[in-house]
Amino acid sequence: MSEELKQQRLNKLEQLRAAGVDPYGAKFTRRTAAADCSENFREGRAVRVAGRVFSLRGHGKSVFADLRDATGRIQLYFRRDRLGEGENLLLQCLDRGDFIGAGGKLFHTRTGEVTVQVEEARMLSKSLLPLPEKWHGLKDRETRYRRRYLDLLVNEESREVFQARGRAIRVIRRFLEERGYVEVETPMLQSLAGGAAARPFRTRYEALDTDVFLRIAPELFLKRLLVGGYEKVFELNRNFRNEGLSRFHNPEFTMLEVYEAFGDARTMMELVGELIVAAAREVGGGLVRGEGEGAIDLTPPWREVRYRELVMERAGGDWFEISDEGRRARAESFGLEIPPEWGEIEITREVFEKTIEKTLRAPTFVTRLPAGLVPLAKPCADDPDSADVFELIIGGLEIAPGYTELNDPLEQLRRFQVQAAGDLERIDEDFLTALEHGMPPAGGMGVGIDRLVMILTGAAAVRDVILFPQLKPRKE
RNA sequence: GCCUCCGUAGCUCAAUUGGCAGAGCAGCGGACUCUUAAUCCGUUGGUUGUAGGUUCGAUUCCUACCGGAGGUACCA
């Protein structure tokens with residue numbers, strides 16, 4: 001079926017070729033932006049516009065066309081009897097979706113629309129496949145993700161989301177640079193995938209005859225830079241995690257990590273709050289996102305609450321005094337499945353992640369997580385069992401963790417040994433060596449950019465804020 | 001991985017209890033010199049995701065597979 005539509009367009013293409021016209025023509029110079037035509041309108045102003053034809057309205061001897069470029073839309077008006085052979089052939093072979101260039105003079109139509117009275121025009125690129133329907137647009141989610149270009153062409157909301165994403169990222173960079181943070185790039189191919197706990201992607205490095213991993217986090221390299229004299233440093237780039245797809249997970253996702261020598265978790269807490277508010281302001285729409293129940297108010301100051309308190313609020317004030325058996329029973333009464341080997345830390349984490357986290361809609365800094373859960377963070381000065389960290393939750397999603405970074409090499413080695421549980425090859429000796437040379441006390445944080453953009457744009461799925469999200473390959 | 005729902009023309013959607021697969025838009029042909037989802041007349045277009053099964057008869061019921069959505073699992 002589409003074959004027939006395509007054949008019709010191929011025939012037009014041949015017709016152009018037969019007349020000596022290249023349907024995939026050369027560059028088009030001295031272009032006028034569509035937006036410029038209306039912003040700087042002058043009756044009779046000569047302009048040259050180029051773009052994709054989105055609408056064609058034949059009307060006897062005249063034809064109206066809507067042309068769109070990156071700046072906006074401009075209407076073209078063709079008078080067949082006042083145009084040459086070339087233009088008449090073009091009109092005959094023109095389809096919605098084609099790229100054309102046109103020169104002419106600006107005027108207002110009777111209804112007041114800025115329009116180019118076309119004097120000359122030529123085909124710049126003939127499209128062979130039809131654009132999705134203009135009125136209902138493209139709704140099919142699968143097609144929107146797989147052929148994002150079509151989604152971007154016909155769904156304005158989608159264009160707006162990605163413009164917002166671009167603006168948010170730009171303002172984040174500017175915000176950090178203005179405060180003296182330096183952007184760096186560290187390896188994505190790593191021989192040990194450290195800095196987080198996640199299954200990595202493995203690939204083959206043929207020249208070295210060895211396997212390497214795509215990074216799951218840049219953390220351990222950024223800390224080496226603190227050792228190397230960087231004091232305020234950040235990286236804003238992709239991480240890769242070999243895990244399932246979901247509404248909130250894409251295997252490659254964008255992460256901001258920031259480190260500041262001589263700072264701590266509190267330094268980072270202040271920074272991330274200002275940074276997110278700045279991004280929200282840039283994206284626009286105020287500090288209250290969404291409406292009704294699901295609304296999220298980003299107005300500072302944000303709630304700060306200890307992990308233990310949240311857990312006791314939910315699971316009982318005596319939660320940390322009862323036995324593991326009692327905790328297991330109580331957790332199971334919340335509908336959770338608890339493996340028998342789990343102790344206090346694991347059961348508590350399960351309760352937190354499954355029953356508490358998603359209820360935290362307003363921005364909330366959860367502080368003082370159990371030290372065992374965060375092996376790269378420093379314990380609190382007043383309590384060795386709690387780590388001096390925060391987890392920023394917004395809209396029920398983990399948006400940004402922040403640490404007072406562990407800079408004691410001996411303590412870091414001990415933690416790695418516990419974590420590696422015998423598999424000593426997984427310990428990053430090179431990183432430990434760097435710590436032994438001395439890393440200044442520091443604060444560090446990470447911001448999940450995709451999730452942040454979801455919140456700022458009100459997107460329901462991470463796929464909606466990633467241009468080409470991961471999908472299963474299409475077979476047949 | 002598991003559970004539920006979904007898949008019909010290029011796009012957006014219909015199709016009664018299992019009974020001839022339809023509409024709008026786009027396309028094609030024609031009319032029309034300021035249209036705006038232009039209008040009017042005519043018209044093409046389908047292996048109903050794929051492969052099987054039940055049935056006189058399947059878009060509809062059953063099984064498997066492919067893909068998508070939501071949930072769940074994995075996930076510092």
Side-chain angles (χ1 to χ4, degrees), chain A residues 1-9 11-12 54-66 73 75-83 95-97 107-115 117 127-147 150-151 153-155 194-200 216-217 219 239-251 253 335-337 345-346 349-350 352-354 357 369-377 387 389 391 398 400-403 415 419 446 448 460-461 463-464 469 471-476:
Chain A
M1 218 337 269
S2 73
E3 280 309 305
E4 188 183 327
L5 294 176
K6 187 169 165 185
Q7 191 54 50
Q8 286 167 347
R9 292 187 176 216
N11 293 343
K12 292 175 179 174
F54 267 79
S55 172
L56 273 172
R57 297 178 294 280
H59 206 75
K61 288 201 173 57
S62 49
V63 175
F64 289 90
D66 288 342
R73 193 188 76 98
Q75 179 169 260
L76 306 182
Y77 177 54
F78 296 85
R79 283 283 300 268
R80 292 195 117 122
D81 52 358
R82 290 193 198 164
L83 288 168
D95 281 299
R96 201 165 156 261
F107 74 106
H108 275 130
T109 61
R110 203 160 56 191
T111 50
E113 178 157 356
V114 173
T115 301
Q117 166 100 44
S127 78
L128 300 179
L129 296 174
L131 239 35
E133 201 228 341
K134 58 185 165 188
W135 191 241
H136 297 97
L138 181 64
K139 290 190 178 167
D140 183 76
R141 313 259 281 184
E142 186 174 356
T143 310
R144 288 181 51 209
Y145 298 145
R146 287 193 197 276
R147 302 204 219 166
L150 294 179
D151 180 40
L153 284 175
V154 301
N155 293 328
R199 190 198 303 167
I216 55 175
E219 172 152 359
N239 287 347
F240 306 85
R241 297 189 182 176
N242 200 346
E243 283 150 10
L245 296 163
S246 86
R247 202 147 69 89
F248 306 108
H249 298 84
N250 196 64
F253 61 100
L336 302 174
E337 275 182 43
I345 288 181
E346 291 82 10
R349 178 174 62 175
E350 187 73 0
F352 177 75
E353 288 182 354
K354 293 291 155 59
E357 211 169 71
L369 272 60
L373 296 182
V374 272
L376 296 165
V389 301
E391 178 76 62
E398 296 170 21
Y403 297 174
R415 302 248 197 138
Q419 192 186 17
R463 285 182 277 270
D464 295 323
L471 298 179
K472 285 195 192 181
R474 253 296 196 204
K475 298 178 189 166
E476 271 321 275

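A note on names: the letters A, B, ... follow the listed sequences, proteins ahead of strands, and every chain is numbered from 1. Because only heavy atoms are used, hydrogens play no part in the values below, and waters and symmetry mates are left out as well, while side chains stay in.
If you check B/U72 for Watson-Crick or wobble pairing at under 3.5 angstrom, you find it paired to B/G1. The partner of B/G67 is B/C6, judged by Watson-Crick or G-U wobble contacts that both fall below 3.5 Å. B/U48 makes up no base pair with any nucleotide shown, lacking Watson-Crick or G-U wobble contacts both under 3.5 Å. Of the nucleotides present, none pairs with B/U60 by Watson-Crick or G-U wobble criteria with both distances under 3.5 Å.
Of the side-chain N and O atoms in A/Lys472, none sit less than 4.0 angstrom from OP1 or OP2 of B/C66. Close to B/A73, at under 4.0 Å from its OP1 or OP2, lies no side-chain N or O of A/Ser246. Checking the phosphate oxygens (OP1, OP2) of B/G71, a side-chain nitrogen or oxygen of A/Arg247 falls inside 4.0 Å. Taking side-chain N and O atoms only, A/Arg141 has no distance below 4.0 Å to OP1 or OP2 of B/C6. Within the 4.0 Å cut-off from OP1 or OP2 of B/U33, not a single side-chain nitrogen or oxygen of A/Arg110 is found.
Atom CG in A/Leu245 sits about 12 Å away from atom C1' in B/C75, given to the nearest Å. Between the CD atom of A/Glu337 and the P atom of B/C3 there is a distance of 16 Å, rounded to whole Å. Atom-to-atom, CG of A/Leu5 to P of B/A9 comes out at 13 Å; the value is rounded to the nearest Å. The NZ atom of A/Lys6 sits 17 Å away from the C1' atom of B/A9 (whole-angstrom rounding). The nearest whole Å value for the distance from the CG atom in A/Asp81 to the P atom in B/C32 is 13 Å. Rounding to whole angstrom units, CD of residue A/Gln7 and P of B/U44 are separated by 19 Å.
Under the 4.5 Å side-chain criterion, counting only non-hydrogen atoms from C-beta, A/Leu369 is not in contact with A/Phe352. By the 4.5 Å heavy-atom criterion applied to side chains, A/Leu129 and A/Lys6 are counted as neighbours. Side-chain contact between A/Asp95 and A/Lys12: present, with at least one pair of heavy atoms (C-beta onward) separated by less than 4.5 Å.
Listed candidates were B/G67, B/U33, B/U36. Nearest to the side chain of A/Glu142 is B/G67. Closest to the side chain of A/Pro130, out of B/G10, B/G71, B/C74, is B/G10. Picking from B/U36, B/G67, B/A73 the nucleotide with the shortest atom distance to the side chain of A/Arg57 gives B/U36. The A/Asp140 side chain lies nearest to B/U12 when the options are B/C34, B/U36, B/U12. Ranking B/A38, B/A69, B/G10 by closeness to the A/Glu133 side chain, first place goes to B/G10. For A/His249, the side-chain atoms get nearest to B/C75 when compared with the rest of B/G10, B/U33, B/C75. Closest to the side chain of A/His136, out of B/U36, B/U12, B/U35, is B/U12. Closest to the side chain of A/His59, out of B/U36, B/C32, B/G70, is B/C32. Taking the side chain of A/Lys139 as heavy atoms from C-beta on, and the options B/C13, B/A38, B/C75, the nearest nucleotide is B/C13. The side chain of A/Pro132 approaches B/C11 more closely than any other nucleotide in the set B/A73, B/C11, B/G67.
Among the protein residues, A/Thr111 comes within range of the nucleic acid bases, having at least one heavy atom under 4.0 Å from a base atom. Counting any heavy atom pair closer than 4.0 Å across all strands shown, A/Arg349 reaches no nucleic acid atom. No contact: A/Phe248 has no heavy atom under 4.0 Å from any strand. The residue A/Pro375 sits close to a base: some heavy atom pair falls under 4.0 Å. Among the atoms of the strands shown, only primed sugar atoms or phosphate atoms (P, OP1, OP2) are found under 4.0 Å from some heavy atom of A/Gly137. Across all strands shown, A/Arg79 has heavy atoms under 4.0 Å from base atoms, whether or not it also approaches the sugar-phosphate. Among the heavy atoms of the strands, none lies under 4.0 Å from A/Glu398. Note on A/Leu138: only backbone sugar-phosphate atoms sit closer than 4.0 angstrom, heavy atoms only; bases stay farther off. Here A/Leu471 lies in heavy-atom contact (under 4.0 Å) with sugar-phosphate atoms only. No contact: A/Arg82 has no heavy atom under 4.0 Å from any strand. Across all strands, A/Arg415 comes closer than 4.0 Å to no nucleic acid atom at all (heavy-atom distances).
B/A21 and B/A58 have their C1' atoms separated by 12 Å, with the value rounded to a whole Å. When the P atom is compared between B/C66 and B/C11, the two are found 23 Å apart, to the nearest whole Å. With both ends at atom C1', the span from B/C61 to B/G46 equals 22 Å, rounded to whole Å. On the P atoms, B/G7 is 11 Å away from B/U60, given to the nearest whole Å. Going from the P atom of B/A64 to that of B/U4 covers 10 Å, rounded to whole Å. Atom P of B/C40 sits at a distance of 11 Å from the matching atom of B/G24, rounded to the whole Å. A gap of 43 Å separates the P atoms of B/G71 and B/C28, to the nearest Å. Comparing B/C2 with B/U63, their P atoms are spaced 16 Å from each other, to the whole Å.
With no hydrogens or angles considered, no side-chain donor-acceptor pair links A/Asp151 and A/Tyr145 at under 3.5 Å.
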Expected rows: protein N/O vs nucleotides 28-30 of chain B N/O, under 3.5 Å:
| residue | atom | partner | partner atom | Å |
| --- | --- | --- | --- | --- |
| B/C28 | OP1 | A/Lys12 | NZ | 2.3 |

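The NZ atom of A/Lys134 lies 15.5 Å from the CG atom of A/Leu153; values are rounded to the nearest 0.5 Å.
Ion pairing of A/Lys61 with A/Asp81 is absent here, as no side-chain N (NZ or NE/NH1/NH2) approaches a carboxylate O to less than 4.0 Å. With salt bridges taken as basic N to acidic carboxylate O contacts below 4.0 Å, none links A/Arg349 and A/Glu357.
For the pair A/Arg9 (side chain) and A/Ser127 (backbone), a donor-acceptor distance under 3.5 Å is present.
In this structure, A/Phe64 and A/His59 have perpendicular ring planes: the angle between them is above 60°, well past the 30° mark.
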